Amino acid sequence: MPSSGVRADSSEARLLRYVWTALVALLALPALAWTMFRALRQTGRPDQTLARLGVVARRHDRPLWFHAASVGEVQALLPLVRALHQAFPELPLQFTTFTAAGAARLRAALGADIAVAPVPLDLPPCAGAFVARLRPRALVVIETELWPNLLLACTAAGVPFAFVSARLTERAAGRLDFFQPF
């Protein structure tokens, strides 16, 4: 990815993070309404709004956390999860998705009793609360689902993260240069 020359701790990086956070905050209420409506349409049930605000059940088993945005990413994730489960059947897992359809696909493929929640809003309090309650051992993101405040919350909590199956065209990589300061 081309470098913009912006250091992660620079004032420009902080400004970008503040602008991003302000935009997410401004769009939070419409986004919550949209996700609830979309979940109702896709599954007949409302979205888990409290989880989007970072309120999830506390976990003490340090799960390996997988994030797959929607159905396509879930499909890409399934072979990895099945192989991990076969090699480490006792490893606790947690899943997040952006869409209710993605969560439904996970449950259909892996069983109704799996731990799946919507990804929290990318606001520092929501992301921080989610990570603190989940206490994951690591976050594995499928494709290139970039949530800067969520990744910063993971970093602050000492949670390593990795992107798997991330394919970028040169053009897309150039657009993602905006996120380099994060």
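Worth saying up front: this structure is predicted, and the values here are computed from it rather than measured. Side-chain atoms are counted along with the backbone in the values below, which use heavy atoms only and exclude waters and symmetry mates.
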Are the side chains of [X] and [Y] in touch, meaning some heavy atoms are under 4.5 Å apart?
X     : Y      : result
Val74 : Ile142 : no
Arg17 : Leu152 : yes
Leu77 : Leu106 : yes

- Item | Joint hydrophobic cluster, Leu121 plus Leu23, side-chain heavy atoms closer than 4.5 Å |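 No, it is not one cluster - the side chains of Leu121 and Leu23 are not joined through contacts under 4.5 Å.
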
Minimum heavy-atom distance between [X] and [Y], given as atom pair plus value:
X      : Y      : result
Gln75  : Pro79  : O-CD, 3.4 Å
Pro120 : Ala127 : CG-CA, 4.3 Å
His67  : Phe98  : CE1-N, 4.0 Å
Leu110 : Ile114 : O-CG2, 3.5 Å
Asp122 : Leu150 : OD1-N, 2.7 Å
Pro89  : Gln86  : CD-O, 3.9 Å

- Item | Arg58 side, atom CZ; Leu134 side, atom CG - distance, nearest 0.5 Å |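 It is 11.0 Å, given to the nearest 0.5 Å.
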
- Query: If you measure from CH2 on Trp147 to OG1 on Thr96, what distance do you get to the nearest 0.5 Å?
  - Reply: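 Trp147 atom CH2 to Thr96 atom OG1 measures 10.5 Å (nearest 0.5 Å).
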
- Item | Side-chain (Arg105) to main-chain (Val71) donor-acceptor, under 3.5 angstrom |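 Flag not set: sc Arg105 to bb Val71 has no pair under 3.5 Å.
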
- Task: Look at the side chain of Ser70 and the backbone N and O of Gly72, then say whether any donor-acceptor pair between them is shorter than 3.5 Å.
- Result: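 Absent.
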
- Would you please indicate yes or no on a ring centroid separation below 6.0 angstrom for Trp65 and Phe130?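 That pair passes the under 6.0 Å test.
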
- Task: For Leu91, check side chain to side chain contact (heavy atoms under 4.5 Å, CB included) against everything at least two apart and list the hits.
- Result: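 Testing Leu91 for side chain to side chain contact (heavy atoms under 4.5 Å, CB included), a comparison that skips the adjacent residues, returns Leu64, Phe88, Leu93, Arg137.
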
- Message: Taking salt bridge (Lys or Arg N to Asp or Glu O under 4.0 Å) as the cut-off, I'd like each qualifying pair that reaches into residues 60-80, sequence neighbours left out, listed once.
- Response: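 Matches after skipping sequence neighbours: Arg59-Asp61.
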
